[in-house]
Amino acid sequence: MKTIEFDNISLVQKLFGFHNTHLDKIANNLGVTINSRGNSVTISGDAENTRLAHTLLLQLYGLLQENIPMDPADLDAAISLIKKDGESRLKPLFSQTVFVTAKNKPIRPRSLAQQKYVNAIQARDIVFGIGPAGTGKTYLAMAMAVAALCRGDVQKIILTRPAVEAGEALGFLPGDLAEKINPYLRPLYDALYDMLDFEKARAYIDQEIIEIAPIAFMRGRTLNNAFIILDEAQNTTSQQMKMFLTRIGYNSRAVVTGDITQIDLPAGKKSGLVEVRKILSRIEGIDFINFSKADVVRHQLVSDIIDAYEKNKT
């Protein structure tokens with residue numbers, strides 16, 4: 001059994017959560033019992049799990065003391081990190097802010113893989129982020145791109161992805177070209193509008209400072225002074241991947257994201273993302289960051305769903 005006495009009532013309320021919801025979540029995830037009374041908590045249960053809960057609460061309180069906010073997703077990430085490695089230090093991870101949105105929400109890495117990914121994007125001209133849905137690959141890349149644009153490091157952002165569900169033969173769909181391709185690009189718009197004020201984002205798009213287009217539109221171009229993101233890259237063909245990577249010009253950086261377990265290409269078509277790992281893995285200046293289900297930062301059920309599907313393969 002371990003007891004902690006905290007000294008700041010306002011921070012304690014944030015730490016415990018409304019009606020102790022944060023304490024309940026920690027207790028359920030670590031398999032311990034946590035009882036609170038005033039500014040103190042008592043933790044009981046298995047010795048190792050009790051130690052983990054004790055360490056986690058002290059570190060979370062330390063973050064709050066330094067005005068580092070904690071939302072439900074942050075708490076989930078902290079619990080996951082401590083469960084994975086009981087010696088993990090939360091401060092170096094949670095104090096690394098990538099971008100602050102128009103709604104004053106800090107965007108930051110929430111796992112060691114995400115932190116490695118952010119550091120790679122800062123250091124390399126081309127980075128590949130490969131892993132399952134919900135691991136923050138595209139969202140973090142978008143945040144890095146918007147931050148680079150706001151700092152003046154680049155002059156434009158280019159966001160692209162294959163429209164493979166329609167075979168990139170969009171003529172049979174109703175509407176003009178924009179109406180045909182927008183459904184396939186919607187996730188990129190959603191992430192952008194989550195980071196920037198809507199009017200500012202629209203102005204950037206209208207001025208082509210931010211360009212969102214299917215990968216076929218990249219052919220024949222040289223992209224200078226740009227931050228370029230290729231999303232859903234598992235659905236690029238070998239030719240499309242080569243074409244995209246050879247578009248990168250001076251003072252540009254590219255981030256390529258994808259999930260090689262969700263390839264939607266027609267039978268017989270080789271995924272450019274699967275192939276490029278073998279071809280470019282030894283080139284200096286290119287980094288490959290791999291994510292796993294442990295890095296999922298969406299609802300807990302997303303991680304459980306990925307786990308269930310993986311088990312079903314065996």
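- Between the side chain of Asp194 and the main chain of Asp190, no donor-acceptor pair closer than 3.5 Å is present.
- Under the 4.0 Å criterion applied to side-chain N and carboxylate O atoms, Glu284 and Arg124 are assigned as salt-bridge partners.
- Across Lys25 and Asp76, no two heavy atoms sit closer than the pair NZ-OD1, 2.9 Å.
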Quick one, Met142 with Phe99, criterion side chain to side chain contact (heavy atoms under 4.5 Å, CB included). Give me CA distance, side-chain angles, the key distance, then yes/no. CA-CA 10 Å; Met142 289 278 286; Phe99 184 71; over 6 Å; no
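- There is a path of hydrophobic side-chain contacts, each under 4.5 Å, that joins Leu58 to Leu81.
- The one candidate from Leu140, Val118, Ile68, Leu93 that meets the side-chain contact (heavy atoms from CB on, under 4.5 Å) condition with Arg108 is Ile68.
- Distance alone, capped at 3.5 Å, is enough to place a donor-acceptor pair between the Asp74 side chain and the Asp71 backbone.
- Using a 4.5 Å cut-off between side-chain heavy atoms of Ile, Leu, Val, Met, Phe, Trp and Tyr, with links allowed through other members, Val98 and Leu112 fall into different hydrophobic clusters.
- Looking at Ser44 and Val32, their side chains never come closer than 4.5 Å, going by heavy atoms from C-beta outward.
- By the 4.0 Å N-to-carboxylate-O rule, Lys156 lies close enough to Glu211 to be salt-bridged with it.
- Between Ser281 and Phe288, the shortest heavy-atom distance links the atoms CA-CE1, 3.8 Å.
- Looking only at distances, no side-chain donor or acceptor of Glu232 sits under 3.5 Å from a matching main-chain atom of Arg161.
- Side-chain atoms of Leu230 and Met241, non-hydrogen and from C-beta on, do get closer than 4.5 Å to each other.
- For the pair Asp197 (side chain) and Ala102 (backbone), a donor-acceptor distance under 3.5 Å is absent.
- Once rounded to the nearest 0.5 Å, the distance linking CG of Leu11 with CZ of Phe6 reads 10.0 Å.
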Could you go through the side chain to side chain contact (heavy atoms under 4.5 Å, CB included) check for Leu192 and Leu188 one step at a time? CA-CA 6 Å; Leu192 182 62; Leu188 298 177; over 6 Å; no
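- Both Val146 and Phe198 belong to a single network of hydrophobic side chains, linked directly or stepwise wherever heavy atoms of I, L, V, M, F, W or Y lie under 4.5 Å apart.
- A donor-acceptor contact closer than 3.5 angstrom links the side chains of Ser36 and Asn20.
- Annotation: the span from Ile305 atom CD1 to Lys293 atom NZ amounts to 13.0 Å, rounded to 0.5 Å.
- You'll find the side chain of His22 reaches within 4.5 Å of the side chain of Met70, heavy atoms only.
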Test side chain to side chain contact (heavy atoms under 4.5 Å, CB included) on Ile260 and Arg277 and set out the steps. CA-CA 11 Å; Ile260 58 175; Arg277 291 204 299 182; 3.2 Å; yes
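- For Arg51 and Glu48, the salt-bridge test passes: some basic side-chain N is under 4.0 Å from an acidic carboxylate O.
- The minimum heavy-atom distance between Ile215 and Thr236, with the atom names listed, is CD1-CG2, 3.8 Å.
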Derivation and outcome, side chain to side chain contact (heavy atoms under 4.5 Å, CB included), residues Asp153 and Asn225: CA-CA 8 Å; Asp153 294 346; Asn225 299 305; over 6 Å; no
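- Put simply, CD1 on Ile130 and OG1 on Thr135 are 11.0 Å apart, with the number rounded to the nearest 0.5 Å.
- Residues Thr257 and Asp231 bring a donor and an acceptor atom of their side chains to less than 3.5 Å of each other.
- Interatomic distance, Leu223 CG to Ile228 CD1, rounded to the nearest 0.5 Å: 4.5 Å.
- For the residue pair Gln155/Asn251, the side-chain donor-acceptor check at 3.5 Å is not satisfied.
- With Phe244 as the aromatic partner, Arg247 does not meet the cation-pi criteria of under 6.0 angstrom to the ring centre and within 45 degrees of the ring axis.
- In this structure, Tyr250 is not a member of the same hydrophobic cluster as Phe227, with clusters built from ILVMFWY side-chain heavy atoms closer than 4.5 Å.
- Ion pairing of Lys137 with Asp259 is absent here, as no side-chain N (NZ or NE/NH1/NH2) approaches a carboxylate O to less than 4.0 Å.
- Looking at Thr246, its side chain does come within 3.5 Å of a backbone N or O of Lys242 through a donor-acceptor pair.
- Side chain to side chain, Gln234 and Gln262 fail the donor-acceptor criterion of an N or O pair below 3.5 Å.
- By the 6.0 Å contact criterion, CG on Asp206 is enclosed, its count of non-hydrogen atoms from other residues, nucleotides or ligands being greater than 12.
- Taking 4.5 Å as the limit, some side-chain heavy atom of Ile107 sits within range of a side-chain heavy atom of Thr101.
- Taking all atoms of both residues into account, the shortest heavy-atom contact from Asp295 to Ser111 is OD1-OG, 3.0 Å.
- Atom CZ of Arg221 sits in a crowded spot, with more than 12 heavy atoms from other residues, nucleotides or ligands closer than 6.0 Å.
- Taking every heavy atom of both residues into account, Ala78 and Leu60 meet most closely at CB-CD2, 4.0 Å.
- Taking CG from Leu23 and CG from Leu15, the interatomic distance works out to 6.5 Å, rounded to the nearest 0.5 Å.
- Contact of the Ile157 side chain with the Ile212 side chain is not registered, since no non-hydrogen atoms from C-beta on lie closer than 4.5 Å.
- Residues Ala254 and Ile248 share a closest heavy-atom pair of CB-CD1, 3.5 Å.
- Residues Lys270 and Thr237 form no side-chain contact, since every pair of their non-hydrogen atoms from C-beta on lies 4.5 Å or further apart.
- Judged purely by distance below 3.5 Å, without hydrogens or angles, the side chains of Tyr117 and Asp287 never pair a donor atom with an acceptor atom.
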Derivation and outcome, side chain to side chain donor-acceptor pair (under 3.5 Å), residues Asp7 and Tyr61: CA-CA 10 Å; Asp7 56 9; Tyr61 186 71; 2.5 Å; yes
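- With values rounded to the nearest 0.5 angstrom, Ile121 atom CD1 is found 13.0 Å from Lys116 atom NZ.
- Taking the side chain as every heavy atom from C-beta outward, Thr160 and Met218 approach each other to under 4.5 Å.
- The closest side-chain heavy-atom distance from Val127 to Ile289 is below 4.5 Å.
- Criterion: ILVMFWY side-chain heavy atoms under 4.5 Å apart, direct or through other members. Under it, Phe128 and Ile283 are part of a common hydrophobic cluster.
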